[in-house]
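Below, chain A is the first sequence line, B the second, and so on; all start at residue 1.
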2 protein chains.
Amino acid sequence: MSSLLSKSSIYALRASLYMATLPPDEYVPVHDIAEKLGISFHFLAKILQALTHRGILKSFRGPHGGVALARPADDVSLNELIEAVDGQQRFEGCLMGLPGCGVEKPCPLHEQWEKTQASISAIFTCSTLGEQARRIKELDLRLH
Amino acid sequence: MSSLLSKSSIYALRASLYMATLPPDEYVPVHDIAEKLGISFHFLAKILQALTHRGILKSFRGPHGGVALARPADDVSLNELIEAVDGQQRFEGCLMGLPGCGVEKPCPLHEQWEKTQASISAIFTCSTLGEQARRIKELDLRLH
DNA sequence: TATTATTCCGATAACGGAGTCCGAAATCCG
DNA sequence: CGGATTTCGGACTCCGTTATCGGAATAATA
């Protein structure tokens, strides 16, 4: 039942992708994003707060305020978003939780697992918001 | 913080690996296994119940009773254990939770994610208890 | 009778998800 | 200029689910 990414990370991705499809430096109220994506405003607000904290988003209070990408979408990797929300140590460590498993005494699955970890990591580190946003526009995918 | 496998699955793997290192058809009390692995007896009992239910283990009540592998260790894939404990639908579906993502309208990460899913799956389906148990003996790895 | 699995009925804690409330900043309008 | 409005910021609480663990009664076997 559990997904690879938490709902928080998924919401962060979707919201950021939504902003990446808009003209840069356009502030969008969090409330609007929540409505577009069909998710809880309060929950999203908390997630986006974490992103602004990390300098991924910038925010602006008052009328016509909101949040916007702090940097060009092509400079933001998906991994950056996920780390900001869920922390960095997702899926590290021995697959079977063996205590001594490491480089010198690897568990039987160690090598295969390391390769797979790397390929999971690559999915998120090698892809930028801008790239994904463009493909979403091309394919006319909806975020909600 | 969350691992790829649940603790239940990990305990099922460790307990089964432990049994696979013993002579076949030797019944071991669940209490002994729990002690060896340093985990909760009750928790382990519930997990091993699921495995006996699936026909992976056989059990025997009364003095000198316990649980044992129902089949040769080389005939039991790791995947079978994990499915019995956690269910089969771990990590399926769109990585970003996009609603329309599928074969006809794949999300940008769809293809990469499918490959990674396959390699995760391969780790567990292509490996048997017997194979792992032998390597654990060779390398003198402890399960606790 | 002693031993051991099986079963049921929980308790507890952790976590993810969602909501409330108030404060602070920026803007708008009278 | 000053209050009202809009919006983010942050702390706190709450709820439902799942993970983890425990107790006690039951059944089967030696």
Side-chain angles (χ1 to χ4, degrees), chain A residues 1-16 19 25-70 82 84-87 89-91 97, chain B residues 1-15 19 26-70 82 85-87 89-90 97:
Chain A
M1 277 289 289
S2 82
S3 169
L4 185 74
L5 297 179
S6 71
K7 226 163 199 174
S8 296
S9 279
I10 289 174
Y11 287 169
L13 280 175
R14 296 235 293 260
S16 301
M19 286 184 269
D25 295 320
E26 177 173 329
Y27 285 95
V28 193
V30 177
H31 192 275
D32 286 8
I33 304 178
E35 204 171 300
K36 291 272 187 205
L37 301 184
I39 61 187
S40 154
F41 161 71
H42 297 288
F43 190 38
L44 183 61
K46 192 190 296 185
I47 296 167
L48 297 191
Q49 269 173 32
L51 296 184
T52 58
H53 229 224
R54 295 288 193 107
I56 298 171
L57 300 182
K58 55 187 175 182
S59 64
F60 199 80
R61 290 195 270 209
H64 308 113
V67 293
L69 292 175
I82 294 163
V85 174
D86 275 344
Q89 56 258 39
R90 277 187 81 80
F91 312 119
Chain B
M1 276 291 289
S2 84
S3 171
L4 185 73
L5 297 179
S6 73
K7 227 160 198 174
S8 296
S9 280
I10 290 174
Y11 288 168
L13 279 175
R14 296 234 292 258
M19 286 183 269
E26 176 173 330
Y27 285 95
V28 192
V30 177
H31 192 276
D32 286 8
I33 304 178
E35 204 171 300
K36 291 271 188 208
L37 302 184
I39 62 186
S40 154
F41 160 71
H42 282 100
F43 191 37
L44 182 61
K46 192 185 294 186
I47 296 167
L48 297 190
Q49 271 172 29
L51 296 184
T52 58
H53 234 220
R54 296 288 194 108
I56 298 171
L57 301 181
K58 55 187 174 182
S59 64
F60 199 80
R61 288 199 268 210
H64 308 112
V67 293
L69 293 176
I82 295 164
V85 174
D86 275 344
Q89 56 258 39
R90 279 187 80 80

Results of side-chain contact (heavy atoms from CB on, under 4.5 Å) for [X] - residues two or more places apart only:
| X | result |
| --- | --- |
| His31(B) | Glu35(B), Phe41(B) |
| Lys36(B) | Tyr18(B) |
| Phe60(B) | Tyr27(B) |
| Ser8(A) | Ser6(A), Phe43(A), Ile47(A), Val85(A), Asp86(A) |

> Sequence neighbours excluded, which residues qualify as ring pair (Phe, Tyr, Trp, His ring centres under 6.0 Å) partners of His64(A)?
Replying inline: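 So His64(A) forms no ring pair (Phe, Tyr, Trp, His ring centres under 6.0 Å) with any residue.
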Is there a side-chain polar atom (N or O) of [X] under 4.0 Å from OP1 or OP2 of [N]?
| X | N | answer |
| --- | --- | --- |
| Ser40(B) | dG22(D) | yes |
| Thr52(B) | dA5(C) | no |
| Ser6(B) | dT18(D) | no |
| Ser8(A) | dG17(C) | yes |

> What's the spacing between Ile33(A) CD1 and Ile39(A) CD1 if we round to 0.5 Å?
Replying inline: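 Rounded to the nearest 0.5 Å, the CD1-CD1 separation comes to 8.5 Å.
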> Do any of residues 27-37 of chain A sit with a heavy atom less than 4.0 Å from DNA chain C, and if so which?
Replying inline: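 Contacting residues: none.
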> Reading nucleotides 20-30 of chain C 5' to 3', which nucleotides get B (base under 4.0 Å from a protein heavy atom), which S (sugar-phosphate only), which -?
Replying inline: B--BBBBBS--
> Got a sec, which residues hit salt bridge (charged side-chain N to carboxylate O under 4.0 Å, His left out) with Lys7(B), two or more places apart in sequence or on another chain?
Replying inline: none
How close or far is atom [atom2] of [N] from atom [atom1] of [X], stated in whole angstroms?
| X | N | atom1 | atom2 | value |
| --- | --- | --- | --- | --- |
| Ile47(A) | dG9(D) | CD1 | C1' | 15 Å |
| Tyr11(A) | dG19(C) | OH | P | 10 Å |
| Lys46(A) | dC15(C) | NZ | C1' | 11 Å |
| Glu26(A) | dT7(D) | CD | P | 13 Å |
| Leu44(B) | dA19(D) | CG | C1' | 15 Å |
| Phe43(B) | dT12(C) | CZ | P | 18 Å |
| Ile10(A) | dG16(C) | CD1 | P | 13 Å |
| Lys7(A) | dG16(D) | NZ | C1' | 12 Å |

>> Going by side-chain hydrogen bond (donor to acceptor under 3.5 Å, both in side chains), name the residues that satisfy it together with Lys46(B), two or more places apart in sequence or in a different chain.
In response: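 Result, side-chain hydrogen bond (donor to acceptor under 3.5 Å, both in side chains) vs Lys46(B): none returned.
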>> Please find the pair of heavy atoms, one from Ala70(A) and one from Gly55(A), that lie closest to each other, and give the distance.
In response: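 Taking Ala70(A) first and Gly55(A) second, the nearest heavy atoms are CB-O, 3.3 Å.
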>> To check you understand the geometry: which heavy-atom pair defines the closest contact between Leu44(B) and Ala15(B), and what is its length?
In response: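 Taking Leu44(B) first and Ala15(B) second, the nearest heavy atoms are CD1-CB, 4.0 Å.
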> What pairs meet the salt bridge (Lys or Arg N to Asp or Glu O under 4.0 Å) rule with one or both residues in residues 59-70 of chain A, with sequence neighbours excluded?
Replying inline: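 Non-adjacent pairs meeting salt bridge (Lys or Arg N to Asp or Glu O under 4.0 Å): zero.
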>> Do Lys58(A) and Thr52(A) have side chains that approach each other closer than 4.5 Å (heavy atoms only, starting at C-beta)?
In response: no
>> The side chain of Gln49(A) is closest to which nucleotide in this list: dC21(D), dT6(C), dG9(D)?
In response: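 Closest nucleotide among those given: dG9(D).
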> Can you tell which of dC8(D), dT7(C), dA18(C) lies closest to the side chain of Phe41(A)?
Replying inline: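 The answer is dC8(D).
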> Using rotation axes that map the C1' atoms of four end pairs onto the next four (five pairs an end), what angle separates the end axes of the helix from dT1(C)-dA30(D) to dG30(C)-dC1(D), to 10°?
Replying inline: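 What I find for the helix from dT1(C)-dA30(D) to dG30(C)-dC1(D) is an axis angle of 10°.
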